[in-house]
Number of protein chains: 2
Amino acid sequence: MSAPQDTDSRRRLNREVVLQTALQLVDSEGLEALSMRRLGQALDRDPMGLYRYAANRADLLDGITELVLNELAIFPTDPDWQAQLRRIAHDLRLLALRHPNVVPLLVTRPLSTPLGLRPLGTLRPLEQILGLLIEAGFAPNDALHVYRAYYGFLYGHILNELQEFIVDPEENVALLRLGLHRLPARDFPHLRELAPVLADYDGEAELDEGISILLSGLAERLTGGAALAR
Amino acid sequence: MSAPQDTDSRRRLNREVVLQTALQLVDSEGLEALSMRRLGQALDRDPMGLYRYAANRADLLDGITELVLNELAIFPTDPDWQAQLRRIAHDLRLLALRHPNVVPLLVTRPLSTPLGLRPLGTLRPLEQILGLLIEAGFAPNDALHVYRAYYGFLYGHILNELQEFIVDPEENVALLRLGLHRLPARDFPHLRELAPVLADYDGEAELDEGISILLSGLAERLTGGAALAR
DNA sequence: CGAACGCCTCTACACCGTAGACTCTAGGCG
DNA sequence: CGCCTAGAGTCTACGGTGTAGAGGCGTTCG
């Protein structure tokens with residue numbers, strides 16, 4: 001008897017646990033804090049041991065993006081594809097707000113790996129959204145185009161919002177003012193004028209509006225043009 | 001006489017030269033290759049000397065993004081704002097294709113710095129596009145919203161395209177096939193089916209189409225709704 | 001001529017990813 | 001029971017990183 005799993009931090013490791021801990025580390029201390037040594041320390045294990053569960057630091061990063069994207073639910077058989085796209089957009093937005101430090105990985109990792117060789121979990125959303133659209137009646141070609149417009153817009157919005165995201169509203173209105181005050185009035189009149197509007201960014205509304213624009217634009221273009229669905 | 005500027009690589013340094021060299025290094029060897037030591041070597045100077053022209057490695061990265069964004073021309077007084085937005089989009093796309101290794105910086109650096117404290121060169125496009133829209137008759141508030149939708153979409157597209165971008169078309173169709181072949185057919189039917197379409201991505205057309213969708217969507221929304229211009 | 005200043009260089013420190021060899025432990029099999 | 005094997009975990013070491021701090025050197029000014 002007497003298993004040696006003392007503090008319970010000494011259980012046998014597995015990839016899942018390693019990645020999860022890495023994610024926590026990134027969430028709480030930022031991407032730069034994630035080193036093999038720090039992670040080993042967090043797991044109370046020698047850093048070298050981690051290479052049993054991730055071939056690389058790069059592989060570790062890929063694993064984290066996979067982990068995060070797995071939190072995103074998609075139901076490819078929902079007949080109301082527009083509503084579904086809208087919901088996914090909001091979910092992904094919340095996901096990004098929950099893991100802001102991971103967002104750079106989300107947008108950056110795929111740039112280093114050709115599509116076919118990416119971690120499977122990363123390709124799942126693409127596949128499922130294609131499924132959703134095709135199920136809704138789109139020709140596969142059009143589905144791909146819709147997907148691209150949609151996902152492009154979505155990632156763009158998330159980057160936009162996170163750029164303007166500020167932690168403590170009170171202190172940072174000041175900071176923002178201070179920052180903007182630094183701008184030479186001669187060269188940045190509009191930005192300075194818009195400071196108050198910049199200060200209260202409503203990401204959810206903005207996203208929803210954007211999606212509406214996109215969907216209505218898509219609808220118009222597709223009904224007017226060639227192949228369509230629904 | 002006989003100035004000691006022997007190889008001409010020994011001229012007096014300045015920030016511009018340092019950043020330009022750093023950019024070349026990143027362009028040709030990737031972001032990871034940019035270290036103070038490597039850069040010092042490229043400039044034939046002690047790495048420590050660089051700290052006279054960039055406070056930090058981070059500052060160096062900011063400088064590079066600034067440098068690249070300065071290549072983007074915007075004419076805020078053009079009365080045809082739609083055409084102008086379209087041209088800027090295509091120019092930025094080409095810029096991204098010319099400096100693909102810098103794109104991660106473009107999308108990632110702003111996430112680490114509150115808007116007001118960013119390098120001025122980085123804020124110039126924002127300011128000028130606001131100017132363009134306001135000049136065209138938009139209320140400042142609306143101009144900001146239009147800007148966000150536009151820039152969000154634009155960055156999204158660039159990320160999309162660069163993700164699917166593949167250097168050598170011949171070799172990489174094979175590679176793509178190989179990669180996609182790896183996908184379990186059961187779980188990724190649509191992706192596998194779309195392989196040929198994925199293979200010939202026409203970024204320019206796709207972007208133009210997207211911009212059209214966006215602009216028509218914007219027009220519809222704004223004519224139907226409240227304040228508008230033009 | 002001496003002092004001051006800016007550019008540059010050197011050395012040093014703490015950290016990083018990871019290759020390779022080692023130890024230890026649990027389990028299977030004779 | 002005893003041995004063997006395989007895998008998990010560890011240790012050490014190497015070449016790289018950012019950058020603090022002190023020193024050197026040439027030019028320019030008082």
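Considering only residues two or more places apart in sequence or on other chains, His190(A) meets the side-chain contact (heavy atoms from CB on, under 4.5 Å) condition with Glu127(B), Leu130(B), Ile134(B). Scored by the side-chain hydrogen bond (donor to acceptor under 3.5 Å, both in side chains) test, Asn141(B) finds no partners at all (sequence neighbours excluded). In this structure Asp59(A) satisfies the salt bridge (Lys or Arg N to Asp or Glu O under 4.0 Å) test together with Arg15(A), sequence neighbours excluded. By the side-chain contact (heavy atoms from CB on, under 4.5 Å) test, Asn70(B) is found to be paired with Arg124(B), residues two or more places apart in sequence or in another chain being considered. By the side-chain contact (heavy atoms from CB on, under 4.5 Å) test, Ala89(A) is found to be paired with Tyr150(A), Leu154(A), Leu207(A), Ile211(A), residues two or more places apart in sequence or in another chain being considered. Arg87(A) pairs by the side-chain hydrogen bond (donor to acceptor under 3.5 Å, both in side chains) definition with Gln84(A), Asp91(A), not counting sequence neighbours.
In this structure, CG of Leu39(B) is placed 13 Å from P of dT9(C), rounded to the nearest angstrom. In this structure, Gln41(A) places its CD atom 14 Å from P of dC11(D), rounding to the nearest Å. Rounded to whole angstrom, the span from the CG atom of Asp46(A) across to the P atom of dT12(D) amounts to 10 Å. The CG atom of Asn14(A) sits 17 Å away from the P atom of dG7(D) (whole-angstrom rounding). Distance Arg45(A) CZ to dT25(C) P: 14 Å, rounded to the nearest Å.
The list of side chain to side chain donor-acceptor pair (under 3.5 Å) pairs with a residue in residues 107-117 of chain B, not counting sequence neighbours, reads Asp62(B)-Arg109(B).
Contacts of residues 100-111 of chain B with DNA chain D (heavy atom under 4.0 Å): none.
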* Asked: For every nucleotide of nucleotides 13-26 of chain D, 5' to 3': is a protein heavy atom under 4.0 Å from its base (B), only from its sugar-phosphate (S), or from neither (-)?
  -> B---BBBBB-----
* Test log, rule side-chain contact (heavy atoms from CB on, under 4.5 Å), inputs Ile158(A) and Leu106(A) -> CA-CA 11 Å; Ile158(A) 286 173; Leu106(A) 253 36; over 6 Å; no
